[in-house]
Amino acid sequence: IDTLEGTSYVGGIAGSFVSGKIAYNTIIANTIQGFDHVGGIVGENLGLTTGNINNNTVEISDSLMGGSYVGGICPISYAPTPQEIFNNTLTINRIKGDTFVGGLVAELAYGGVNNNTLTAGTIVGAGEYVGGAVGKVGFIGCTIQSNTINAPIIQMLGGSVYTGGI
């Protein structure tokens with residue numbers, strides 16, 4: 001893929017993931033971009049039934065970018081049943097958004113983000129909730145463990161608040 005571009009809910013594989021499994025895929029792109037809800041794999045993870053996003057490879061040579069909700073794997077994981085996002089490998093030159101920006105997931109509402117690896121040149125946000133792994137962790141029971149984040153620059157522009165390396 002040279003450039004994958006949309007308005008909202010833009011993902012390297014799917015705009016929205018509701019149930020099942022997304023596994024053992026490779027996404028290679030120059031740029032993935034949209035106005036909001038932009039992810040390297042999916043544009044949103046609703047997870048209405050148990051499912052996983054695992055063992056995928058994402059390589060983006062230029063940028064993964066949007067306005068609000070930008071995540072290397074997915075911008076928001078809002079699954080009422082426990083979802084697991086694990087063993088994914090991402091190499092992304094630049095992840096850029098305004099608010100809710102995460103190297104792996106912009107907002108983790110439920111479930112787990114475990115054993116993923118991200119190598120990024122920069123992770124840049126201009127507003128609230130920017131993190132190397134996850135921009136914002138939501139409700140009780142979320143797990144974030146054993147992830148490797150190699151991003152030499154996590155940059156906040158303007159009056160950004162709520163910034164974390166992990």
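What you see is a predicted model; the values in this text were computed from it and never measured.
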Which donor-acceptor pairs under 3.5 Å do the side chains of residues 98-108 make with protein atoms, sequence neighbours left out?
residue	atom	partner	partner atom	Å
E107	OE1	Y69	OH	3.2

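- I149 CD1 to I154 CD1: the interatomic distance, rounded to the nearest 0.5 Å, is 8.0 Å.
- Atom-to-atom distance recorded for I13:CD1 and I22:CD1 is 5.5 Å, nearest 0.5 angstrom.
- For the pair N88 (side chain) and I53 (backbone), a donor-acceptor distance under 3.5 Å is present.
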Next item on the list: Give the intermediate values and the outcome of side-chain hydrogen bond (donor to acceptor under 3.5 Å, both in side chains) for residues T122 and R94.
Entry: CA-CA 5 Å; T122 59; R94 181 175 57 157; 5.2 Å; no
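- Proximity of I27 to E59: side-chain heavy atoms (C-beta onward) are nowhere separated by under 4.5 Å.
- Partner of L118 under the side-chain contact (heavy atoms from CB on, under 4.5 Å) criterion, chosen from I123, T89, I73, V58: I123.
- In this structure, a donor-acceptor pair under 3.5 Å is present between the side chains of D36 and S8.
- Side-chain contact between V137 and I144 is present, with at least one heavy-atom pair separated by less than 4.5 Å.
- The two residues L46 and S16 make their nearest non-hydrogen contact at CD1-OG, 4.0 Å.
- Closest heavy-atom contact between C142 and A109: SG-O, 3.3 Å.
- Residues M65 and L4 are members of separate hydrophobic clusters, defined by side-chain heavy-atom contacts under 4.5 angstrom among Ile, Leu, Val, Met, Phe, Trp and Tyr.
- Residues F86 and N116 share a closest heavy-atom pair of C-OD1, 3.4 Å.
- Checked by atom type and distance alone, the side chain of N56 pairs as donor or acceptor with a backbone atom of N25 at under 3.5 Å.
- Side-chain contact check for L90 versus T117: every heavy-atom pair is 4.5 Å or farther apart.
- Heavy-atom minimum distance, P75 versus G43: CG-O, 2.7 Å.
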Next item on the list: Go through V124 and L157 one step at a time and tell me if the side chain to side chain contact (heavy atoms under 4.5 Å, CB included) criterion holds.
Entry: CA-CA 7 Å; V124 179; L157 304 174; 3.7 Å; yes
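- Residues I41 and C74 fail the side-chain proximity criterion, which asks for heavy atoms closer than 4.5 Å.
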Next item on the list: Take I76 and H37 through the side chain to side chain contact (heavy atoms under 4.5 Å, CB included) test and state the conclusion after the steps.
Entry: CA-CA 7 Å; I76 186 165; H37 293 85; 3.9 Å; yes
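- Note: D2 CG to I32 CD1 = 11.0 Å, rounded to the nearest 0.5 Å.
- Side-chain contact between S77 and I85: present, with at least one pair of heavy atoms (C-beta onward) separated by less than 4.5 Å.
- S61 and N30 form a side-chain donor-acceptor contact under 3.5 Å, judged by distance and modelled atom types alone.
- For the atom pair CD of E84 and NZ of K21, the computed distance is 12.0 Å after rounding to the nearest 0.5 Å.
- At a threshold of 4.5 Å between side-chain heavy atoms, the hydrophobic network of Ile, Leu, Val, Met, Phe, Trp and Tyr places L64 and I28 in two separate groups.
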Checklist line | side-chain hydrogen bond (donor to acceptor under 3.5 Å, both in side chains) between N114 and S146, intermediate numbers included | finding: CA-CA 6 Å; N114 307 309; S146 301; over 6 Å; no
